[in-house]
Amino acid sequence: MSRKRTAFRPSRRLLLGLGVAGGAVLWGGNTVARLMRGPSGAKDAGRILDADGVTLTLKPLDPAPAYDASLPWLARGGMLNDASGLSRTPVYGVVEVSSEAHVAQALAFARAKGLKVSMAGVRHSMGGQAFDDNALVLDMRRFNKVAVDAAAMTMTVQPGATWHAIQTVLHPRFAVKAMQSTDIFSVGGSLSVNAHGMDHQAGSVAGSIRSLKVMQADGSVTTCSRDENGDLFRHVVGGYGLFGVVLGATLDIVDNTVYRTSREIIKSDDFPAYFAEVLEPNKDIGLFYGHLSTAPGNFLQDMIVYRYDRVADEPPAGQPPLGEPGAVGIERLVMNMAKWGGPFQELKWFTEKTLEPRFEACTVARTAAMGEGEACLVTRNNPMHDSVPYLFNDLAGDTDILHEYYVPRAAYGAYIAEVREILRAQPLQVLNASIRVVHKEDVALTYAPEPAFSLVLYINQPATGDGTRLMRTLTRALIDATLKHGGRFFLPYQLHYTGAQLLTSYPELPAFLAKKKAIDPGELFTSTFYRALKVLSGIS
């Protein structure tokens, strides 16, 4: 007798479970792919450039002057933004500069038509430093030639050259003496903020400058250095593009030294003693940076000290070209998951202290002639040739904001303890925290009137009004703590500080602004940042 087959009918609970499981797999795969994906374009979340409750938006030009057809316009009208994605700004137009003649012609046109001028490179400052409402913007990125003088150990570079491109030219024989900690920035941008980086002995970019060639507001060209036209030099370097257009910079270069890499984990509180006893007296330690834990279990308590000890002055023959970072998608995934906090921050810290050393690229052959056995050897150019591509993502709903604070070296312990509590008590995720060393800086608007330690923070925020309010509150709390301990905050970032905080941190600001008016009485060179400085300081 045949048996009748009964069709299988899954229960609603089973169907629901399968649907949830399938959805989780699909969601997980899509989420991972999204978190690993590079940017599809520049972020643009709008405009949040107000300073201390003061609206900085200007009315459109009415009527706007006719465009000079002989200028190389990259854009006529349109909008610009910066790396924050929160500084959308309508501009008169963008001139693509590739020669000194373009600069002279653009300035003459602006003077004749009553326009203001701003200079822009890769636009990684985050507070309107590279543009202004209705301004004529000089895009300097194609003004980027590099010439090396091996005998003089110098290079002469145009301001649009990036440190990444410069290193490619110098390698394998030479290396940059001083630059920012990553190589994505332009020389002009680094000069305008007097940037510093991984070489704790070389100090800031200012210390490596032999001379600058500057076009001022009236079109005249002046050469300046510490010894020639020194007052102009002190205002152009760290002057945020307000005193003239840098046409060229002659900078020191150094040998592409071979280093032995190492890392160790210390307590953050022990860093001042480590610096005084290990880093400062040992002149063979050529590069250094300190990376603080952002994991909840030991937040800003443990520090990975990365150091590079000199092994040889020159690399052996046959050095390969400088390579680009690997495993970018994985690093981007870990960084983006850390924005979820908790265990994902712990995962990030585990990756940094445990997994990364196993994948470190040792670019110089481990030869007996160098007497280093199986040590990991790299040239100076290798750790400095890092464009941090994993920091850039395709997440439209949030943005990552830089902060930097400087405190006298003796104040470090009490300061970092106070900062730790401020950051723990607020909701925004700290993605990265590092410690660097800066020297006393002799420029007009100095961030380091005495030797200091620098705290650099990279903080995630929603790209919304609420996110900005949280960031403004946090920034002001961090500035108050910094001022309490005798320090200063860095100006290339968002305009969240109050007028009182600004003038307390930079008592030289009134003299700086007065010199600006003396050198550029028509205020041809401007930016949203410049107008904010005037509003917050009460100086018109």
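Because the structure is predicted, anything quoted here is derived from the model rather than measured.
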>> Go through it in stages, so that I can follow the logic: the residues are Thr162 and Ile184, the test is side chain to side chain contact (heavy atoms under 4.5 Å, CB included), and I'd like the CA-CA distance, side-chain angles, deciding distance and then a yes or no.
In response: CA-CA 6 Å; Thr162 63; Ile184 57 178; over 6 Å; no

Identify every side-chain donor-acceptor pair in residues 55-65 under 3.5 Å, counting partners at least two apart or on other chains, and give the distances.
residue : atom : partner : partner atom : Å
Thr57   : OG1  : Arg47   : NE           : 3.3

For the [atom1] atom of [X] and the [atom2] atom of [Y], what is their distance to the nearest 0.5 Å?
| X | Y | atom1 | atom2 | result |
| --- | --- | --- | --- | --- |
| Gln461 | Leu470 | CD | CG | 8.0 Å |
| Gln167 | Leu322 | CD | CG | 6.5 Å |
| Asn393 | Asn336 | CG | CG | 4.5 Å |
| Asn460 | Asn432 | CG | CG | 12.5 Å |
| Gln105 | Leu71 | CD | CG | 4.0 Å |
| Ser87 | Asp44 | OG | CG | 9.5 Å |

Classify the ring geometry of [X] against [Y]: parallel below 30°, tilted from 30° to 60°, perpendicular beyond 60°.
| X | Y | value |
| --- | --- | --- |
| His403 | Tyr405 | tilted |
| Phe490 | Tyr447 | perpendicular |
| Phe185 | His124 | perpendicular |

>> Just to verify, what does Val91 make a side-chain contact (heavy atoms from CB on, under 4.5 Å) with, not counting sequence neighbours?
In response: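 Per chain and number, Val91 pairs via side-chain contact (heavy atoms from CB on, under 4.5 Å) with Leu80, Thr89, Val94, Phe131, Val137.
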
When you check the side-chain N and O atoms of [X] and [Y], is any donor under 3.5 Å from an acceptor?
| X | Y | result |
| --- | --- | --- |
| Ser454 | Glu404 | yes |
| Glu324 | Ser387 | no |
| Asn382 | Thr363 | yes |
| Thr379 | Asn381 | no |
| Asp466 | Thr464 | no |

Please tabulate, for the side chains in residues 113-120, all donor-acceptor contacts under 3.5 angstrom to protein atoms that are two or more places apart in sequence or on a different chain.
residue : atom : partner : partner atom : Å
Lys116  : NZ   : Gly522  : O            : 2.8
Lys116  : NZ   : Glu523  : O            : 3.0
Ser118  : OG   : Thr526  : O            : 2.7

>> Is there a side chain to side chain contact (heavy atoms under 4.5 Å, CB included) between Leu242 and Lys515? Walk through the geometry before answering.
In response: CA-CA 10 Å; Leu242 299 174; Lys515 179 62 71 172; over 6 Å; no

>> Suppose the criterion is ring-ring contact (aromatic ring centres under 6.0 Å, His included): which pairs have a residue in residues 145-174, not counting sequence neighbours?
In response: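 Pairs touching residues 145-174 that pass the test: His164-His385.
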
> For Val205 and Leu191, what are the C-alpha separation, side-chain angles and deciding distance, and is it a side chain to side chain contact (heavy atoms under 4.5 Å, CB included)?
Replying inline: CA-CA 7 Å; Val205 173; Leu191 294 175; 3.4 Å; yes

> Going through the distances and angles, do His102 and Phe143 end up as a side chain to side chain contact (heavy atoms under 4.5 Å, CB included)?
Replying inline: CA-CA 10 Å; His102 290 154; Phe143 194 34; over 6 Å; no

>> By the definition ring pair (Phe, Tyr, Trp, His ring centres under 6.0 Å), identify the one residue from Phe525, Phe512, Tyr530, Phe233 that meets it with Phe243.
In response: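 So the option named by the test is Phe512.
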
>> Tell me which pairs pass salt bridge (Lys or Arg N to Asp or Glu O under 4.0 Å) where either residue lies in residues 153-162, with sequence neighbours left out.
In response: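 Listed by first then second residue: nothing to list.
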
>> Using ring pair (Phe, Tyr, Trp, His ring centres under 6.0 Å), reason through Phe109 and Tyr67 one step at a time and then give a plain yes or no.
In response: CA-CA 9 Å; Phe109 174 71; Tyr67 293 93; 7.6 Å; no

> Where do Asp313 and Thr257 land on the side chain to side chain donor-acceptor pair (under 3.5 Å) test, with the steps shown first?
Replying inline: CA-CA 5 Å; Asp313 290 332; Thr257 306; 5.0 Å; no

> Taking Asp255 as the fixed residue, which of Arg380, Arg173, Lys177 is the one that meets the salt bridge (charged side-chain N to carboxylate O under 4.0 Å, His left out) rule?
Replying inline: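 The passing option is Arg173.
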
> Under 4.5 Å between any side-chain heavy atoms of Ser505 and Ile479, yes or no?
Replying inline: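 Counting from C-beta outward, Ser505 and Ile479 never come under 4.5 Å.
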
>> Does this structure show an ion pair linking Asp394 with Arg332, if we count only N-O contacts that are shorter than 4.0 Å?
In response: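 Salt bridge between Asp394 and Arg332, a charged N being under 4.0 Å from a carboxylate O: no.
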
> Got a salt bridge between Asp442 and Arg226, using NZ or NE/NH1/NH2 to carboxylate O under 4.0 Å?
Replying inline: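 Salt bridge absent between Asp442 and Arg226.
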
Minimum heavy-atom distance between [X] and [Y], given as atom pair plus value:
| X | Y | answer |
| --- | --- | --- |
| Asp252 | Gly207 | OD2-O, 4.1 Å |
| Gly128 | Asp82 | N-OD2, 4.0 Å |
| Thr399 | Ser84 | OG1-O, 2.6 Å |

Can you check whether [Y]'s main-chain N or O pairs, donor with acceptor, with [X]'s side chain at less than 3.5 Å?
| X | Y | answer |
| --- | --- | --- |
| Gln201 | Asp199 | no |
| Glu228 | Ser225 | no |
| Asp139 | Arg141 | yes |

> Could Arg488 and Tyr506 be counted as a cation-pi pair, given that NZ or CZ must be under 6.0 Å from the ring centre and within 45° of the axis?
Replying inline: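 Yes; both conditions hold, so Arg488 lies above the ring face of Tyr506.
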
>> Would Thr222 and Gln216 count as a side chain to side chain donor-acceptor pair (under 3.5 Å) here? Give the steps.
In response: CA-CA 8 Å; Thr222 303; Gln216 295 180 254; 2.9 Å; yes

>> Within the supplied structure, the quantity of interest is the number of heavy atoms (other residues, nucleotides, ligands) at a distance under 6.0 Å from Arg142 CZ; does it exceed 12?
In response: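 No - once you tally the heavy atoms of other residues, nucleotides and ligands closer than 6.0 Å, there are 12 at most.
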
If you look only at distance, which donor and acceptor atoms sit under 3.5 Å apart when one is on a side chain in residues 146-157 and the other is two or more places apart or in another chain?
residue : atom : partner : partner atom : Å
Asp149  : OD1  : Ala151  : N            : 3.2
Asp149  : OD1  : Ala152  : N            : 3.1
Thr156  : OG1  : Thr250  : OG1          : 3.0

> Please walk me through it: do Asp52 and Arg476 pass salt bridge (Lys or Arg N to Asp or Glu O under 4.0 Å)?
Replying inline: CA-CA 10 Å; Asp52 200 16; Arg476 292 180 179 182; 3.0 Å; yes

